[in-house]
Amino acid sequence: MGTDELRAGLENVVVAETRLSSVDGEAGELLVAGYPIEELAPNASFEETLYLLRNGRLPTADELDDFREKLASRRSIPDATIDLLRAAAEDDGQSAMDALRMGAATLSLGAADGRGGEGEREREDESGPVGGDPDRDSLSLVAAFPTVVAAYWRLRSGEEPVDPRPDLRHAANYLRMLTGELPTEAETWGLETYLNAVVDHGLNASTFTARTIASTESDLVSAITGAVGALKGPLHGGAPGPVLAMLLDVDESGDAEGYLREKLDAGERIMGFGHRVYRVRDPRAAVLSDAAERFYAAESGGDEAFFESARTFEGTAVDLLAEYKPGRNLETNVEFYTAVLLHGVGVPQELFSATFGVARVGGWTAHCLEQLDDNRLIRPRSRYVGARGREWTPIEDR
Ligand code: COA
């Protein structure tokens, strides 16, 4: 590539080597640390996936127990974080992603006086959950994210936060902190499958943001807070909420085709379809569709009719997109069945993007550690297209 060649959006520019995930947009293949996503997502606990990303291999049973305990002991968040989340919850202008961004940024505050979980063990060190060691801080951030999101949600709903429970798995603990109730096995499995499916996805915008900040040898809280900011954008993590709204509309009217034609005739985009990298169906859509089908069939309270209506909607949408946008290969993306599955397991629509953050923080932190392992400051160039050789005019002459 010539030194002045411009690649808008860095499209197709390789700027890092990674062992964490491989995305093949033509073949529709996603590998996480070498495992096809179809194998990993429905079978692993989220802790196993996190361990895999951090260590490059699956844990033994003893290693997994140890890792689970370490994570569980870092779930509590500083009182000052709760105060800030309370302020965010009372301000209608702040979304869950704003709350997560602000909450993440406060995790470097000392937690000696923080909220202890029921029966929480003594911390392994006295410097609080996040304090400068990237390896330890990366675990603390992953552990604390569900607590931040759930505390915001409880406060927003006019209830007090539920303390984390160290004996529960990561996903089950998140659901319990949201609702105050123990989730069913099917709900925990459904959420874990989702968290695994979206934990990492190549050098997407938020992961690149995290790596860029880490490459300055800044701290992990800064890197992850920046990544949350990138994920908040509607072009990145914002689609599953609108997908659910659309599905609920159509579920009521029963007329998917009429609804879709109206949108397409008006030149609108159909949320949950199309992708910058995938030219075929996003492999995560298949994983999440299977998981949603299994979940809605297993759960007695699950609404199987809702799943069936979503599946019919998908088929109609793909056919109509081919009719309206021939040759564009607009297929289902990850967000479509994310909405169906998260709705089923009881995650509120307002928290879909923040729950994406609860998963992706596993990938972000692993990328930061990988970057630091063999660091080179990320510092691309710009091509200057502004004026040259201007003469200074004193202010009284302008
Ligand atoms: N519904 C309707 N038309 C769509 C579409 C969708 N979901 N996605 C793309 N198109 C159309 C575009 O309007 C464009 O048509 P045109 O050439 O007639 O103008 C054509 O397909 C190519 O679109 P383009 O914007 O170049 O594709 P992209 O690769 O840059 O966009 C997305 C990728 C994801 C931004 C886009 O598909 C989209 O907006 N999807 C909906 C939002 C969504 O689900 N986001 C989550 C992504 S994981």
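Just follow the structure's listing: the first ligand is 1, and inside any ligand the first atom is 1. Since the model is a prediction, treat every value here as computed from it, not as a measurement.
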Residue, atom and distance of the protein heavy atom nearest atom 40 (N) of ligand 1 read F273 O, 2.9 Å
Could you see which bit of K325 sits under 4.0 Å from ligand 1, with heavy atoms only: side chain, backbone, both or neither? side chain
Hey, are the side chains of T49 and E192 touching, using non-hydrogen atoms and a 4.5 Å cut-off? no
Does ligand 1 come near enough to E268 that some N or O of the ligand is less than 3.5 Å from an N or O of the residue? no
For atom 17 (O) of ligand 1, which protein heavy atom lies nearest, and how many Å away is it? R328 NH2, 2.4 Å
Would you say the rings of H170 and F145 are close, in the sense that their centroids are separated by under 6.0 Å? no
Starting from atom 8 (N) of ligand 1, what is the nearest protein heavy atom, named by residue and atom, and what distance separates them? L330 CD2, 3.6 Å
Decide yes or no for Y337 and F307: does some side-chain heavy atom of the first lie under 4.5 Å from some side-chain heavy atom of the second? yes
Identify the protein heavy atom lying closest to atom 45 (N) of ligand 1, giving its residue, its atom name and the separation to 0.1 Å. A239 CB, 3.7 Å
For Y259, what residues pass the ring pair (Phe, Tyr, Trp, His ring centres under 6.0 Å) criterion, not counting sequence neighbours? none
For G272, the ligand 1 atoms with a heavy-atom partner under 4.0 Å come out as 43 (C), 44 (O)
Nearest protein heavy-atom contact for atom 47 (C) of ligand 1: which residue, which atom, what distance? N333 ND2, 3.5 Å
Counting heavy atoms only, name the option from L235, I270, T332, V334 that's nearest to atom 7 (N) of ligand 1. I270
Of all the atoms in ligand 1, which lie at a distance below 4.0 Å from a heavy atom belonging to G274? 34 (C), 37 (O)
N or O pair under 3.5 Å between H236 and ligand 1: no
Any side-chain donor-acceptor pair under 3.5 Å between D265 and Y324? yes
Atom 26 (O) of ligand 1: protein heavy atom closer than 4.0 Å? no
Polar contact flag for M271 and ligand 1 (N/O pairs, less than 3.5 Å): no
Can an N or O of R269 be found at a distance shorter than 3.5 Å from an N or O of ligand 1? yes
Just checking, is any N or O donor in the side chain of S95 or D98 under 3.5 Å from an acceptor N or O on the other one? yes
Quick one: CG on D83 to OG1 on T106, what's the gap to the nearest 0.5 Å? 9.5 Å
CG on D66 to CZ on R68, rounded to 0.5 Å: 11.5 Å
Interatomic distance, NE2@H367 vs CZ@F208, rounded to 0.5 Å, equals 12.0 Å
Checking side-chain polar atoms at under 3.5 Å, does R294 have a donor or acceptor matched by the opposite partner on T193? no
Nearest to atom 28 (P) of ligand 1, what protein heavy atom do you find, and at what distance? R276 NE, 3.9 Å
Within-cut-off N or O pair, L321 and ligand 1, under 3.5 Å: no
